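All remarks here apply to the structure that follows.
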Amino acid sequence: MPKELAKVYKPSEFEKDVYQMWLDRKYFHAEPDSSKKPFTIVIPPPNVTGQLHMGHALDETLQDILIRYKRMQGYNALWIPGTDHAGIATQIKVEQVLREEEGLSRYDLGREKFLERVWDWKTHYGDRIVNQLKKLGSSCDWDRERFTMDEGCSKAVKEVFVNLYNKGLIYRGNRIINWCPKCVTALSDAEVEYSEDEGFFWHIRYPVKDSENEFVEIATTRPETMLGDSAVAVNPNDARYTHLVGKTLILPLVDREIPVVADDYVDMGFGTGCVKITPCHDPNDFEVGKRHNLEEILVLDDNAKVNENGGKYVGLDRYEAREKIVRDLDAGGYLVKVVPHSHNVGKCYRCGTTVEPIASKQWFVKMKPLAKRAIEAVKTKETEFVPDRFQKIYLNWMENVRDWCISRQLWWGHRIPAYYCGDCSHMEISKTDVDTCPKCGSKNITQEEDVLDTWFSSALWPFSTLGWPEKTKELEYFYPTSVLVTGYDIIFFWVARMMFSGLEHTGHAPFKHVLIHGLVRDSQGRKMSKSLGNGIDPLEIIDKYGADALRFTLATGNAPGNDMRFHTERVEASRNFANKVWNAARFILMYAQSEDHADYKVDMSALEDEDKWIIHGCNRLAREVTENLDKFEIGMALQKLYDFIYDSFCDWYIELVKPRLYEGGDTAQKALSVLVTVFSSVLRMLHPFMPFITEEIWQAMPVEGESVMIAPYPAFDSSISFESECEKMNDIMETITAIRNRRAEMNVPMSKKAKLFIDSHSAHGFRDSEKFYEKLAGASEVVFGKCKEDGAVEIITHAANLYIPFAELVNLDEERARLTKELDKAKSELARVKGKLANEGFVSKAPAALIEAERGKLAKYETLVETITKSLENL
RNA sequence: GAAGGCGUAGCUCAGCUGGUUAGAGUACCUGCUUGACAUGCAGGGGGUCGGUGGUUCAAGUCCACUCGUCUUCACCA
């Protein structure tokens, strides 16, 4: 029993049921099947405790469009959903709640108890985002939902860690890393964001030892780090300072003796040409320190307070220490000047705190060898970026990448599988738990406290979700995946790391294409953010306008890879389009009473011109839409669908066919067969973009197949070619438009029945379309008049939007003025076309079809000028 | 410092490998409560496609320079 369509389009009343039906029928589930080609997408896993925002909505919409399209095309389409444990973000959130509600810190609870709390949190909020994804219509295979910390993913993480370690690609070392004193953890380079801050250059002079009134002047933006200075460096070619190299300086306030060293790193032209070297608090200084064997003095602790190496400044926060040190330097006569200076300061991407470069013992992934293959894979087009400009960004990063700091001083995450023997200090790296030292047999074993960067597990997502390291049939069949859809903001965080991980561990790039989209901004172009409070909740939009309208909005209106501004007005427009589709369906259903789709099979041999025209247009649309989608031009494909449905199908075809439907009988049945058939194609083409409404309508239409989402996607049929009929129809439509314009000009009111005398030049389209008039004339209550001697035609029609006006009295002066204006216009067009055809270059070099078209126009304008001239004379 | 995006109608933006008279949505104006749809219908005004120069028979589209704007990456203490 087919569904009845409600009178008014209210998406909230059926979207949920439609989704449930898909779930019940298991349409989303995919199993390896060698008879079909796979098409695989893995979802960029949202934060498990996160909430759906517009960025997700865009990302999921694009993926769902592709996956539904390919599924309908007969691919074995699999979309793997899942969530990410999001180390820092989640831990911070749970700590915050713990502090607010119970006044406790994670240390109060201890590691084990705290992690229990996080898991509780995860189970409580873990379904929220998944349910939100469902509201969007995402056709993910929920049977295969994964989590970056589930058993399988954890196994993959350990496997990868051990593999890389054994290959020498993971090492533990003391290096300068970015330290966030608020999150109390190390960060990778990618996790630091830079912004310009107003600061100062403090010029300080360091006295030369055993030398009266001899100083070296240095400049620094972070005077507090002088506590950890172990040298001053100058350029070896700097004549100003060569005499100082090898001498000893006295570090003010600290009274430590430090050497002057020569190093190429120093830029002679910058500042004073002398650089204080603080190996433990600056990456460059660290390198200089290594080269010159300098002492490494760490002066800040984990909270960025001065530690025991800071003498009398111990315990002071870094900024308090700065203030006090500057004051003391000034008092001691060491401060030469203070110069305002703006410079880039690194901030933690999670909390915004200024990060501190600190020498610390951390775990690293050696990037150079891994990056090499990741670069090759893109250069050889094993993986392609869409749009391709993002390839450049990727390559640029990959080519300059530094080793990846993967250890985090957090509790929530994959604990590093390194085990230390308390007795023989042996370190064992192992996929399985270690409780006995393999070297000395001691049971005094402790596991590494640190966890891995969240992105370490995300990097494995395309294959860990398919069962790797097991050789599952899913991995065999669905991997490498087809396309990865994500925003340009995580190319470094995620895409790059998946690339080298996939290549290293599976031997394949993890995906064929990377479809990059932009950010969704607010209507003023600002980033949507919690702190600005300018975020628009996709769920509210869905409740009000429907998921289809939101999807339509997100999928159109901006070029691939560009940011888009979100305007609610655009969602309204999208909803109105959905309403249009809905009502077109209701109109067809008013006349299509049979429930048997076989009753609407089109007989190609017995069609009217307008039937052929719409069938031809629909067929061409199928070709263009598939071409666009195959090139990931999603917005373009949808725009074409919109134009066809709104303009060709609703505004023209339905109106043209109304007289036939009113008449009934054979001609009506023929029209209905075309209406149903074309509309069925349209629904299928539109389905990936607007799944809910197309399904709801499908269920009510006499069409073949139990669901639109498993119906075949329309393919181009090269045997359909109605060029001449289309040309004729174009003429007819042009004339009808001209008639409409006449009515408006003459200010003739519309009425149900109307009558018009068309002057001869307006009627030129009609003259070739005798049949069309007969059709109109065949409708009930329609009066049809033949061409009168003066060239006028009298027409009456019922078609609502083809109202043709009644006008018997024409003001001769006005008519003359109008015709003169039209004649001028026609003449100038004629001149333009003539000029073009007289151009030798054009005639010899332009494509033949184009020249042919121009010749056609020439003839057309020549006749037009002729007929208008005649009409004028007849007045 | 390097790379890249953007600049097209009042506003938000499309415009693929150069090719009919540069489009859409929205806003505005005019006229329509017609038997799918006022979440609608018909029509209209509004653009020298940031500027200059070049290539070409042909440039919004390609090239050079330039102005404005935004972003990313790298940064010298």
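Letters go in sequence order (proteins before strands), and every chain restarts at 1. Please read these numbers as outputs of a predicted model, since none were measured by experiment.
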Pairing partner of B:rA64, by Watson-Crick or G-U wobble and under 3.5 Å for both distances, is B:rU52
Sugar-phosphate, base or nothing in reach of A:Asn562, heavy atoms under 4.0 Å | sugar-phosphate
Select from A:Asn628 and A:Ala219 the residue whose nearest nucleotide in RNA chain B is closer to the 5' end of that strand.
-> A:Asn628
Assign A:Phe492 to base, sugar-phosphate, or nothing according to its heavy-atom contacts below 4.0 angstrom with the strands shown.
-> sugar-phosphate
How long is the line joining CE of A:Met564 and P of B:rA14, in whole Å?
-> 9 Å
Counterpart base for B:rG31, defined by Watson-Crick or G-U wobble contacts under 3.5 Å | B:rC41
What class does the angle between the rings of A:Trp582 and A:Tyr9 fall in, given that below 30° is parallel, 30 to 60° is tilted and above 60° is perpendicular?
-> tilted
Re B:rA22: Watson-Crick or G-U wobble partner, both distances kept under 3.5 Å, found to be none
Using Watson-Crick or G-U wobble geometry with both distances below 3.5 Å, tell me the partner of B:rA77, or none.
-> none
Looking only at N and O atoms, is any donor in the side chain of A:Glu655 or the base of B:rA36 less than 3.5 Å from an acceptor on the other one?
-> yes
Base, sugar-phosphate, or nothing for A:Ala584, non-hydrogen atoms under 4.0 angstrom?
-> base
For A:Glu356 against A:Arg222, the heavy-atom pair lying closest together | OE2-NH1, 2.9 Å
Is any side-chain nitrogen or oxygen of A:Lys392 closer than 4.0 Å to OP1 or OP2 of B:rU72?
-> no
NZ of A:Lys544: more than 12 outside heavy atoms within 6.0 angstrom?
-> no
Touch check for A:Asn284, heavy atoms < 4.0 angstrom, all strands: base, sugar-phosphate only, or nothing?
-> sugar-phosphate
What does A:Val833 touch in the nucleic acid at a heavy-atom separation under 4.0 angstrom: a base, only the sugar-phosphate, or nothing?
-> nothing
Check the angle between the aromatic planes of A:Tyr646 and A:Tyr642 and answer parallel, tilted or perpendicular using the 30° and 60° thresholds.
-> tilted
